[in-house]
Colleague: 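Here's a structure for you.
Residue numbers start at 1 and run along the sequence shown. Values below: all heavy atoms of this structure, side chains included; hydrogens, waters and symmetry mates excluded.
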Amino acid sequence: MTYKQLKELWFKFYRERGHAIIPSASVVPDGDASVLFINSGMHPLVPYLMGEAHPLGVRLANVQKCIRTGDIDDVGDATHTTFFEMMGNWSMGDYFKEDKIKWSWEFVTGKDWLNISPKKIAVTVFKGDEIAPRDEESVKLWLSVGVPKERIYFLGKADNWWQLPNGTGPCGPCTEMHFITDKKPCGEKCDPACDCGRFVEIANDVFMEYIIDSPGAKPRKAKQQNVDTGYGLERILYLINGYEHVYQSELFNGALKIIGSTCKSGRVIAEHTRASIVLIADGVTPNNTGQGYILRRLIRRAVRYAHQLNFKDYPALINNFSGILGEFYPEIQASEKITKVFMDEVSKFEKTLERGLKEFNKLKTLDGKTAFKLYETYGFPLEFTQELAAEKGMTFSIDEYNAEKDKHTKMSQTASAGAFKGGLADTSGETTKLHTANHLLLEVLRRNFGKTVMQKGSNITPERLRFDFTLDHKMTEDEIKKVEKETNELIQKNLSVTYKEMSLKDAEKINAIGAFGAKYGDVVKVFFIGEDSIEICGGPHVQNTSELGIFKIQKEESAGAGIRRIKATLS
């Protein structure tokens with residue numbers, strides 16, 4: 001089965017069952033989401049799962065672009081990729097467990113669909129705890145479609161329970177489908193929770209039957225019970241075709257031929273290039289913070305491995321992936337722009353890499369801390385440093401290296417948690433005010449510097465607004481004061497804030513500003529702040545600008561080539 005056939009099969013199955021097919025959202029969260037990137041098909045639909053009516057109805061399906069950064073170090077094994085596509089479908093208070101489990105089984109094992117042998121499927125259900133009872137209903141339904149009792153596994157909250165990161169809102173038990181590989185069990189208790197590779201998760205059905213009203217509160221039954229489903233496209237594609245890993249599928253084999261290697265180094269180059277072009281197509285540019293830092297890390301990691309293979313033909317890789325993905329994601333067809341951003345970062349890092357090699361060659365001895373410094377400063381992976389050390393007859397403590405890495409990781413996680421505590425998971429009053437001020441700031445910037453000024457990213461906490469935008473020069477003190485003054489003048493006009501849902505084409509006709517290009521569905525929310533600001537957005541807003549207070553620009557600085565950053569507060 002080909003990549004295109006699998007997607008079309010998914011759409012056909014759910015169209016026949018009354019679902020509207022919606023487009024993928026951008027991997028960049030709209031309205032300052034609580035994560036760096038969209039990491040599931042559910043994430044863009046949170047408002048509708050919480051009760052807001054979706055314009056296309058209560059049954060939806062799509063294939064969503066996703067980025068997960070926690071698996072970067074695992075890329076190159078059988079299943080892990082940083083960019084992947086999630087096949088999803090949703091019920092917003094319509095059908096529930098009975099229909100969903102029946103359809104999941106039919107799609108996976110049905111002869112007209114994936115046609116996977118029922119003997120190759122195991123399922124997991126929530127085993128219950130003090131939060132919620134064991135999901136006996138799902139067990140009965142799996143038994144009714146033909147799953148034998150011995151292939152139904154009970155797992156706890158870590159594996160089979162879903163809720164939002166902030167611990168409130170819709171939540172509920174999950175039931176997963178796992179493909180049983182030909183690997184032997186790792187022991188008597190081998191089950192889908194272990195990571196020996198015998199079980200590969202391919203699908204997850206989340207049943208949002210509860211609501212948590214406040215952090216720490218016990219779940220109560222929800223009035224609107226939702227279903228959220230996620231199927232990993234890359235994993236299914238390699239499993240149903242009998243491949244040994246995801247990199248043997250058509251999604252990667254062309255790239256690996258260009259690279260000339262199917263070993264881990266070749267796989268990392270291919271996967272990281274693929275993920276990078278998706279990020280660039282959705283408006284991310286390499287820099288040292290947030291989303292831009294992840295893009296920079298992916299590109300530089302690809303370059304490190306390419307250095308080992310003496311590979312340099314990145315444009316050919318980009319064209320290869322643009323051809324595969326561009327049919328479904330038109331924004332990825334603009335490969336010339338993507339190639340320029342990618343190659344600019346490659347050029348910068350190749351110089352850094354050369355400096356790092358010179359620095360390494362000066363060393364007479366090597367310890368774990370220095371080895372980690374080579375990773376952090378020059379991007380040398382552990383295995384790269386180990387190889388160089390072996391050539392010079394040097395050794396260092398891996399434990400010391402790992403201790404330094406763990407220390408750095410904890411610091412990064414703390415910083416990340418602080419930087420991204422705003423967004424969909426936090427619709428507090430201060431965050432909402434700053435998000436509304438974000439719209440006014442963009443409008444004033446465009447009035448002063450022209451319509452080419454576009455938002456390139458933002459991050460809002462209850463304390464401050466951080467806004468990245470395109471501009472070809474550093475703002476002068478007079479320009480900063482003028483932008484601040486005009487933003488406050490708009491606030492003081494006591495403008496009402498309203499929104500309308502309309503087609504993307506209608507939004508374009510009224511010149512609504514779109515923050516990140518081709519990231520929207522066919523139906524969008526357009527927010528109007530008086531007659532001064534018209535912008536497509538999905539975030540929280542005040543009802544009137546009189547609620548905002550006084551806008552103050554604290555700092556203006558560079559956020560990358562051609563991108564400026566403003567940090568501002570309200571008082």
Side-chain angles (χ1 to χ4, degrees), residues 19-56 60-71 81-92 161-172 174 176 201 203-208 211-212 224 226-234 275 278-279 281-284 290-291 294 329 331 416-417 419-427 431 435 457-460 515-525 536-540:
H19 291 64
I21 306 302
I22 60 174
S24 170
S26 165
V27 294
V28 177
D30 189 14
D32 286 330
S34 56
V35 291
L36 278 175
F37 299 109
I38 295 298
N39 57 24
S40 70
M42 171 278 303
H43 202 105
L45 296 172
V46 166
Y48 309 107
L49 294 168
M50 296 182 75
E52 188 175 321
H54 193 283
L56 296 181
L60 308 173
N62 81 345
V63 177
Q64 171 65 43
K65 298 180 296 182
C66 299
I67 295 281
R68 289 187 183 173
T69 59
D71 296 331
T81 58
T82 50
F83 166 68
F84 64 97
E85 295 177 79
M86 183 72 80
M87 304 190 301
N89 70 278
W90 297 271
S91 165
M92 314 294 187
W161 178 269
W162 178 87
Q163 65 188 48
L164 287 167
N166 68 345
T168 64
C171 60
C174 310
E176 299 173 339
E201 180 193 339
N204 186 14
D205 292 332
V206 179
F207 300 123
M208 301 177 191
I211 289 282
I212 298 177
Q224 176 178 305
N226 306 311
V227 173
D228 161 41
T229 291
Y231 283 56
L233 183 146
E234 287 84 354
V278 171
L279 292 177
D282 278 347
V284 182
Q291 294 150 345
I294 297 298
Y329 308 113
E331 65 275 14
S416 178
F420 287 89
K421 61 185 178 182
L424 292 177
D426 176 6
T427 54
T431 302
H435 182 84
S458 68
N459 171 240
I460 300 173
F516 294 103
K519 64 175 287 184
Y520 305 108
D522 294 331
V523 179
V524 296
K525 278 185 178 179
I536 301 170
C537 189

Colleague: For residues C537 and H435, report the shortest heavy-atom separation together with the two atoms involved.
Modeller: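 The answer is SG-NE2, 3.1 Å.
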Colleague: Can you tell me how far apart CG (N39) and CD1 (I67) are? Round to the nearest 0.5 Å.
Modeller: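 Here the rounded value is 10.0 Å.
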Colleague: Which atom names give the shortest non-hydrogen contact between G41 and C66, and what distance separates them?
Modeller: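 Looks like N-SG, 4.2 Å.
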Colleague: With sequence neighbours excluded, what pairs up with E85 under the side chain to side chain donor-acceptor pair (under 3.5 Å) test?
Modeller: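 If we apply the side chain to side chain donor-acceptor pair (under 3.5 Å) test to E85, skipping adjacent residues, the hits are Y3, K7, Y329.
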Colleague: With sequence neighbours left out, what residues match N204 under side chain to side chain donor-acceptor pair (under 3.5 Å)?
Modeller: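 With neighbours one apart ignored, the set is empty.
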Colleague: Roughly how far, to the nearest 0.5 Å, is the CE atom of M86 from the CD1 atom of I38?
Modeller: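 One gets 12.0 Å once the value is rounded to the nearest 0.5 Å.
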Colleague: Which pairs count as salt bridge (Lys or Arg N to Asp or Glu O under 4.0 Å) when at least one residue sits in residues 35-54, sequence neighbours excluded?
Modeller: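 The answer is E52-K525.
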Colleague: What distance separates E331 CD from D282 CG, expressed to the nearest 0.5 Å?
Modeller: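 The distance works out to 5.5 Å.
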Colleague: Test of understanding: with side-chain contact (heavy atoms from CB on, under 4.5 Å), list the residues that count as partners of M42, not counting sequence neighbours.
Modeller: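 Once residues adjacent in sequence are excluded, the partners of M42 under the side-chain contact (heavy atoms from CB on, under 4.5 Å) criterion are S40, V46, L49, W90, W162, M208, D228.
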Colleague: Any heavy-atom pair between the side chains of Q291 and V27 that's under 4.5 Å?
Modeller: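 With C-beta onward as the side chain, the pair stays apart.
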Colleague: Return the set of residues passing side-chain contact (heavy atoms from CB on, under 4.5 Å) with T229 (not counting sequence neighbours), or none when no residue passes.
Modeller: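 By the side-chain contact (heavy atoms from CB on, under 4.5 Å) rule, T229 matches W10, N89, K100, D205, V227, Y231.
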Colleague: Can you sort out the partners of Q163 under side chain to side chain donor-acceptor pair (under 3.5 Å), two or more places apart, ordered by chain and number?
Modeller: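 Per chain and number, Q163 pairs via side chain to side chain donor-acceptor pair (under 3.5 Å) with W161.
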Colleague: Among all residues two or more places apart in sequence or in another chain, which pass the ring pair (Phe, Tyr, Trp, His ring centres under 6.0 Å) test with F83?
Modeller: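 Here no residue qualifies.
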Colleague: With sequence neighbours excluded, tell me which residues meet side chain to side chain donor-acceptor pair (under 3.5 Å) with H54.
Modeller: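 H54 satisfies side chain to side chain donor-acceptor pair (under 3.5 Å) with no other residue.
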Colleague: Using every non-hydrogen atom in the two residues, find where S24 and V63 come nearest and quote the distance to one decimal.
Modeller: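 Of all heavy-atom pairs spanning S24 and V63, the closest is CB-O, 3.3 Å.
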Colleague: Atom CD1 of I460 and atom OG1 of T431: how far apart are they, to the nearest 0.5 Å?
Modeller: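 I460 atom CD1 to T431 atom OG1 measures 7.5 Å (nearest 0.5 Å).
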Colleague: Kindly give the heavy-atom pair with the smallest separation between I212 and C171, and that separation in Å.
Modeller: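 Reported closest heavy-atom pair: CG1-SG, 3.6 Å.
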Colleague: Restricting to non-hydrogen atoms, name the atom on S26 and the atom on Q64 that form the minimum distance, rounded to 0.1 Å.
Modeller: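 Nearest heavy atoms, S26 then Q64: O-NE2, 3.9 Å.
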Colleague: With rounding to the nearest 0.5 Å, note down the distance linking CE in M50 to CG in N226.
Modeller: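 Between atom CE of M50 and atom CG of N226 there are 10.5 Å.
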